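Report on the structure given below.
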Amino acid sequence: MNIFGVIILATLVGKFLLDMIALWLNLRLLNAHAPSQFSDLYDPEQYARSQEYTRVTTRFHVKETTFHLAVFLIFWFVGGFNWLDQIVRSWGYGSIASGICYIFLLGFAGGLLSLPFDFYKTFVIEEEFGFNRTTLRIFILDRLKGLLIAILLGVPLLAVLLSFFESSEDLAWLYAWFFATAYILFVQFIYPVWIMPLFLKFTPLTDGDLKQAIKDYAASVGFAFKDVYVVDASKRSSKANAFFIGFGKNKRIALFDTLVEQQTVPEVVAVLAHEIGHYQKKHVPIMMAVGILQSFVLFYLMSVFLSSPGLYEAFHMDQRSIYAGLVFFGMLYEPISFVSSIVMNVVSRRNELQADQYAVSTLGDAQNLISALKKLSVKNLSNLTPHPLHVFLNYSHPPLAQRIERMDRMGRAQT
């Protein structure tokens, strides 16, 4: 095995072992008694159920991750990537069509391997703990729609990128980066308008206390939006959320119907105040800009390594191709991707605390947001005592106890 193979294998195994250690430490912190901040919401039986949910989902994650890693390593070491490449080449298509077929088949196979795990998690684990409301019909249709969208959006992007990288121009990678960035921004623009409605039904919120309270708060902070919608998320899960769709003055507020059912009017407004805080603090464009910068580095490094014979030798390839190189470089890039994901999580956790601060300062009170977050944690059977290493590696939001403690201090400072 050459240096490329060693780096990729060490990264895969190292990440897996680090993840297992973090999960083991996370399970060790589970205990029979809820933290003092939540003692008023959890009875012993309910809290024990939340701990069991963490145990069950963690063990399931370990099994799924182990299975996928084992299948990948077996496929790699028996020459599966070269075997698939020879099959695709035998069809006699051009390089771009062959590349699309090659990458699509790899992705499709990965999706098929994940399907039994998705099914079990949805209809066994989530069902057992009272979350699942997905029917078999919705489960199948969602995946068929997802596959169709992946083909319609992914194939044109992949075709253009392959054509750029097959060009002999020195700056082909830069043109590819420009196109990919513009294309992804375009997809983000159309996603809430054309794609999300394929999965969720958006119904305008009827006039009443909630809609008026939202309008009053938005006006008080100068947040322009077009309308408020209720999303039929309860067709799939009992978990709750809120988000925005659209851009500029055409922004629309979307509330899960489960959120409207589970929270009081002031609590829903507090959740929206937090989300508005992300917009007012420019978190969304900043994170997008960071992502674009990361993709710039990725495309440049890709242009450097795609021509390296050792990258193809590491995967036992008889012939080199740009499309296989894209797949292999994605694995070689994993150490950088892993570190950048940790950094992005650190930034995201900071952003969440800033959005909390914005909500508390504009509402003049911390208790409604604290109450809303507590209710969400109870309904979602959230783990209230995650291990710091698990948080560091995986959490985009700070642990709830930390957020509550910080908001309590802010609330007391305002009084």
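These numbers were taken from a predicted model, which means no experiment stands behind them.
At distances below 3.5 Å, not a single donor-acceptor pair connects side-chain atoms of Trp83 with backbone N or O atoms of Phe75.
Side-chain contact check for Gln51 and Thr54: no donor-acceptor pair (N or O, by modelled atom type) lies under 3.5 Å. When only modelled atom types and interatomic distance are considered, Glu126 and Ser237 share no side-chain donor-acceptor pair under 3.5 Å. When only modelled atom types and interatomic distance are considered, Asn345 and Ser396 share no side-chain donor-acceptor pair under 3.5 Å. A donor-acceptor pair shorter than 3.5 Å can be found between the side chains of Glu267 and Ser371. Checked by atom type, the side-chain pair Asp19/His61 shows a donor-acceptor distance below 3.5 Å. Side-chain contact check for Trp91 and Ser98: no donor-acceptor pair (N or O, by modelled atom type) lies under 3.5 Å. Between the side chains of Tyr102 and Ser321, no donor N or O sits under 3.5 Å from an acceptor N or O. Counted by atom type alone, Glu352 and His278 present one or more donor-acceptor pairs between their side chains at under 3.5 Å. For the residue pair Asp356 / His274, a side-chain donor-acceptor distance below 3.5 Å is found, with atom types taken as modelled.
The pair Asp118-Lys121 does not count as a salt bridge, with every side-chain nitrogen at least 4.0 angstrom from each carboxylate oxygen. A salt bridge links Arg89 with Asp85: at least one charged nitrogen is closer than 4.0 Å to a carboxylate oxygen.
The only member of Tyr300, Phe299, Phe178 that meets ring pair (Phe, Tyr, Trp, His ring centres under 6.0 Å) when paired with Trp173 is Tyr300.
The aromatic rings of Phe117 and His68 sit tilted, their planes meeting at an angle between 30° and 60°. Taking the six-membered ring for Trp and thresholds of 30 and 60 degrees, Phe164 and Phe179 have ring planes inclined between 30 and 60 degrees apart.
Summarising the local packing, CZ of Phe77 is surrounded by more than 12 heavy atoms from other residues, nucleotides or ligands at distances under 6.0 Å. Counting heavy atoms of neighbouring residues, nucleotides and ligands inside a 6.0 Å radius, atom NZ of Lys145 exceeds 12 of them.
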With side-chain contact (heavy atoms from CB on, under 4.5 Å) as the criterion, how do Tyr120 and Phe60 come out once you've worked through the C-alpha distance, each side chain's angles and the decisive distance to 0.1 Å? CA-CA 10 Å; Tyr120 186 87; Phe60 180 76; 3.4 Å; yes
I'd like to know whether Lys215 forms a salt bridge (Lys or Arg N to Asp or Glu O under 4.0 Å) with Asp207, so could you lay out the CA-CA distance, the side-chain angles of the two residues, the decisive distance to 0.1 Å, and finally the verdict. CA-CA 11 Å; Lys215 287 183 176 180; Asp207 292 335; 5.0 Å; no
